[in-house]
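The basis for the numbers below is simple: all heavy atoms, side chains too, and nothing from hydrogens, waters or symmetry mates. In each ligand, atom 1 is the first atom listed, and ligand 1 is the first ligand listed.
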Amino acid sequence: MGNIQEERTSSPKQTLKRKYRGSEFDDPMKRLTRKLSLIPSRKELPIASARDKLLQEVRDNSVLIVVGETGSGKTTQLPQYLHEDGYCSKGVIAVTQPRRVAATAVAGRVAEEMGVQLGEEVGYSIRFEDETSPNTDIKFLTDGMLLREALLDPLLRRYSVVVLDEAHERTLHTDVLIGLLKGIHKSRQEDLRIIIMSATLDFGKFQAFFQGAKAVYIQGRQYPVQVIDPLQGRQYPTQLMYTSESMEDYIDAVLRTTFQIHLEEEAGDILVFLTGQEEILDMERLICERVKNLPKEVDDLIPVPLYSAMPTELQAKAFEPAPKGARKVVLATNVAETSLTITGLRYVVDTGLAKARGYNARTGIESLLISEISKAQARQRLGRAGREGPGKCFRLYTELKYEELKSAPVPEIQRCRLATVVLQLKALGIDNILNFDFLDPPPQAALIKSLEMLYALGALDDEGKLTKDIGLRLARLPLDPQGGRVVLSAAAAGCTQEAVMALSVLGSDPLFYTPREKQAEAAAAHARFTSSDGDHVSLVKVLREYLGKSLVRLARPNQNFVLGEGAPIISPCSCSPGPGA
Ligand SMILES: Nc1ncnc2c1ncn2[C@@H]1O[C@H](COP(=O)(O)OP(=O)(O)OP(=O)(O)O)[C@@H](O)[C@H]1O
């Protein structure tokens with residue numbers, strides 16, 4: 001781990017530039033050389049031979065559903081084809097991703113393939129980071145950001161094409177966008193193209209929702225839709241392995257499998273799917289300890305964490321090549337499940353588990369629970385290997401277990417708190433939320449609970465309309481309504497900074513780090529930060545210290561147990577409470 005102070009101060013733009021080929025790519029000639037060098041591999045992608053037919057389908061259909069194998073080239077190539085076909089003369093091409101790590105990484109790759117500087121013709125927009133310019137033609141953005149843009153531009157007029165990628169994930173924001181896009185489509189049939197895309201999509205549902213929209217499949221014939229071309233889906237074969245019996249301790253199974261790959265398999269990096277930050281940091285430490293016991297002649301094995309709460313600049317480390325003579329093992333949550341290509345990666349270890357949101361409408365409490373993934377997710381995980389050469393995927397569960405998994409994840413809208421979405425829909429002028437055209441309607445009880453909560457916060461008046469002094473301002477804040485309400489009240493009480501600090505920490509993964517076998521030691525270290533004024537004040541205290549001089553010391557694990565090495569965990573929360581606050 002290098003100098004943490006320096007990493008924190010480098011801007012995401014600098015980091016992505018570094019990651020997406022560094023300062024030499026400020027030089028147009030070098031960018032051109034790189035672009036030309038990538039053309040042959042682009043031409044070999046399965047989607048390349050379907051290019052013209054695909055573009056024809058887009059011309060003929062204002063809503064198109066594109067299903068194609070992982071790695072066939074949907075995310076990186078289709079936006080470029082649309083660009084080449086002139087769609088940017090009429091507006092910007094928006095490509096949504098459920099996760100910010102995918103939005104930034106794919107934008108970097110597409111900029112590289114087009115030979116342009118990231119942030120110019122190709123850019124990205126994620127919460128708190130806008131890397132676009134007036135020249136941007138192709139914009140990758142999280143689904144949440146597009147929803148937020150709709151608040152200011154309800155018909156999304158600046159876009160000529162909206163591509164909803166990885167639609168199978170059915171995130172809350174994707175589902176709401178789909179409902180909104182259906183309405184927008186009615187007003188903009190002539191000048192807007194909507195493309196819904198995934199490798200593992202139950203497209204029948206989407207077709208029905210968009211009244212018989214066309215679906216095209218880029219491989220195989222098992223689906224009753226038009227086959228564009230009998231393409232080879234994934235470019236390279238991926239060998240799939242299951243365990244012969246179920247694993248009692250998946251952490252132990254991950255460790256054993258990782259070292260087995262390291263000691264027995266050919267060169268190539270490893271991607272392990274774990275469930276959360278703490279587990280990842282634990283695994284990082286366990287791997288480091290074991291590596292010390294490896295014989296001298298064995299290559300080094302370097303663990304690299306990747307989870308959503310990490311700042312973009314640290315996430316970028318997962319994409320950097322391992323040093324010569326070493327193998328990298330990326331320890332990731334499901335943020336690495338879709339859209340990503342990690343250069344050099346050949347092996348995937350899939351625990352079959354992920355943290356998923358669960359919601360109890362009766363209590364109004366939302367929680368993150370470790371749950372089994374779906375078959376669609378398992379296929380996406382497998383799809384991270386075999387993208388640059390043959391791969392192997394080790395599923396740490398039995399084949400029977402795989403067969404028992406649900407085919408697709410339960411839509412997030414049916415298992416999470418809906419207050420933010422309800423607030424946004426109200427701000428979009430959709431007053432009758434219960435009648436909104438959802439792809440899968442959320443439970444009424446959850447909607448009603450959210451309306452009650454917004455009323456209690458003062459965001460809605462007695463008639464259920466958005467209040468100007470609170471509701472409208474809350475809708476504009478990049479925070480959930482409760483957090484936003486805290487900021488508005490804190491502004492009135494003169495303690496905005498402290499409130500924002502406490503919210504930032506609360507909105508991130510757990511701040512304190514407790515290794516399994518050092519719980520007492522960790523608790524003693526954590527006690528140093530405890531304030532008798534309560535948990536929130538303690539959190540502000542930790543953050544102050546973190547931001548202050550003792551940053552480097554705090555960031556070392558095993559002393560304060562506050563942060564894992566290289567894992568600053570505070571999500572930026574630079575919101576302003578808005579005029580009048
Ligand atoms: N950053 C990158 N570095 C190297 N190769 C890349 C990179 N991004 C994409 N590729 C290559 O392009 C191929 C297609 O990637 P792309 O993300 O467009 O596929 P996809 O069909 O959208 O897959 P998925 O459904 O998994 O998102 C990859 O398999 C890989 O060979």
Per-residue contact class, Thr76 against ligand 1 - non-hydrogen pairs under 4.0 Å: both
Here's one to test your reading of the geometry: is the NZ or CZ of Lys90 within 45 degrees of the ring axis of Tyr87 and under 6.0 Å from its centre? yes
Just distances here: any N/O of Thr75 and N/O of ligand 1 closer than 3.5 Å? yes
Heteroatom distance test (Gly383, ligand 1): nitrogen or oxygen, under 3.5 angstrom: no
Any side-chain donor-acceptor pair under 3.5 Å between Thr338 and Glu169? yes
Within-cut-off N or O pair, Lys74 and ligand 1, under 3.5 Å: yes
Solution key, residues 328-335 side-chain donor-acceptor pairs under 3.5 Å, sequence neighbours excluded:
| residue | atom | partner | partner atom | Å |
| --- | --- | --- | --- | --- |
| Lys328 | NZ | Ala318 | O | 2.8 |
| Lys328 | NZ | Glu320 | O | 2.7 |
| Thr333 | OG1 | Val335 | N | 3.3 |

At under 4.0 Å between heavy atoms, is it the side chain or the backbone of Arg387 that contacts ligand 1, or both, or neither? both
How does Leu45 reach ligand 1, if at all, at less than 4.0 Å between non-hydrogen atoms: by side chain, backbone, both, or neither? side chain
Between Ala199 and ligand 1, is there a nitrogen or oxygen pair with a distance under 3.5 Å? no
Any N or O of Asp165 closer than 3.5 Å to N or O of ligand 1: no
Partner set under side-chain hydrogen bond (donor to acceptor under 3.5 Å, both in side chains) for Lys406, not counting sequence neighbours: none
Proximity to ligand 1 by part of Glu166, non-hydrogen separation under 4.0 Å: side chain
